[in-house]
Amino acid sequence: MLKKLAASLGGLCLVLLVMAFDEGQVERGVDVMRARIQPAMDRLTDRAQGLRPAPSPAAPGGHALAGGFRPVGAGAAGGNLTLDGAVLVFGEAPALRTRPHRIALGREDAVRDMALPADAQIELREIVPRDARTPVAASPLCGGQTPGWLAIARDGNGLRVRIWRAGPAPDAPGAILCGRMTYEGGAG
């Protein structure tokens, strides 16, 4: 399929070069080549759209970590939380961009205080700069310290988040937990 497309494009270039000497014929030549290439381009576009993954729903109780949440309890640092892909956007604190570290189980020491079942899967994520010029800033989510890691897990309609200071990973010696937050779904 791609070989045919490449051959057609090569032919188009040759035709355009020859026709360049007769300006009136160039437009007609382009139209002819476009008519021949368009069906192949349509087929490629249709195939490419079929390869895109379907968006994951943010159904309550589902496994997708997406959507809006409000804090449980008064005075929670950060306010409302919206999950936008790998970015956690807080209503009253700087957003946190993350990247995957690993999946932990609820029975592991680093995440045991989340009080989830022993076989619950908890995402451990590293907090990374929002862009190459801006380092991760100190945050009220981490008691005014710079956050470096977080754990996040869905619990029914709720969401549990733990934040560690920048430094060793949560499952390494010397990691310092600096934030514990619980949210429930439905923040608008």
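The chain is numbered in sequence order, starting from 1.
A continuous path of Ile, Leu, Val, Met, Phe, Trp and Tyr side chains, each step under 4.5 Å between heavy atoms, connects Leu116 with Leu177, placing both in one hydrophobic cluster. Note: the hydrophobic cluster containing Val111 does not contain Val161 (ILVMFWY, side chain heavy atoms under 4.5 Å, direct or indirect links).
Scanning both residues, Ala77 and Met181, for their nearest heavy atoms gives O-SD, 4.1 Å. Of all heavy-atom pairs spanning Pro147 and Val136, the tightest one is O-CG1, 3.5 Å. Nearest heavy atom pair, residue Pro94 against residue Ala138, reads CG-O, 4.5 Å. The two atoms that bring Arg130 and Ala95 nearest to each other are NH1-CB, 3.3 Å, heavy atoms only. The shortest heavy-atom contact between Pro39 and Ala35 is CD-O, 3.2 Å. Scanning both residues, Ala175 and Pro168, for their nearest heavy atoms gives CB-O, 3.8 Å.
Side-chain N or O atoms of Glu108 include one that pairs as donor or acceptor with a backbone N or O of Leu105 at under 3.5 Å. Within the 3.5 Å criterion, the main-chain N or O of Gly185 finds a donor-acceptor partner in the side chain of Arg70. Remark: the backbone N or O of Ala151 is not paired with any side-chain donor or acceptor of Arg162 at under 3.5 angstrom.
In the displayed structure, Arg102 atom CZ is contacted under 6.0 Å by more than 12 heavy atoms of other residues, nucleotides or ligands.
When side chains are defined from C-beta on, Arg165 does not count as touching Thr146, because their heavy atoms never get closer than 4.5 Å. Taking 4.5 Å as the limit, every side-chain heavy atom of Asn80 sits out of range of all side-chain heavy atoms of Tyr183. Side chains of Val89 and Leu96 form no contact here, defined as non-hydrogen atoms less than 4.5 Å apart. Counting only heavy atoms from C-beta outward, the side chains of Ile122 and Met114 approach each other to under 4.5 Å. Leu141 has its side chain within reach of Phe90: a pair of non-hydrogen atoms, C-beta onward, lies under 4.5 Å apart.
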- Query: How far apart are the C-alpha atoms of Leu159 and Leu81, what are their side-chain angles, what is the distance that settles it, and do they pass the side-chain contact (heavy atoms from CB on, under 4.5 Å) test?
  - Reply: CA-CA 10 Å; Leu159 191 70; Leu81 167 64; 3.7 Å; yes

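Of the options Arg125, Glu126, Glu123, a side-chain contact (heavy atoms from CB on, under 4.5 Å) to Pro100 is made by Arg125 and by none of the others. For the side-chain contact (heavy atoms from CB on, under 4.5 Å) test with Ile163, the passing option among Ser139, Pro170, Cys178 is Cys178; the others fail. The side-chain contact (heavy atoms from CB on, under 4.5 Å) test with Thr98 is passed by exactly one of Leu124, Val128, Leu88: Leu88.
Under a 4.0 Å N-O distance rule, the pair Arg97/Asp131 does not qualify as a salt bridge. In summary, Asp119 and Arg107 do not engage in a salt bridge, as defined by a charged side-chain N under 4.0 Å from a carboxylate O.
Ring planes of His101 and Trp149: perpendicular class, angle over 60° (limits at 30 and 60°).
To the nearest 0.5 Å, atom CD of residue Glu184 and atom CG of residue Asn157 are 8.5 Å apart.
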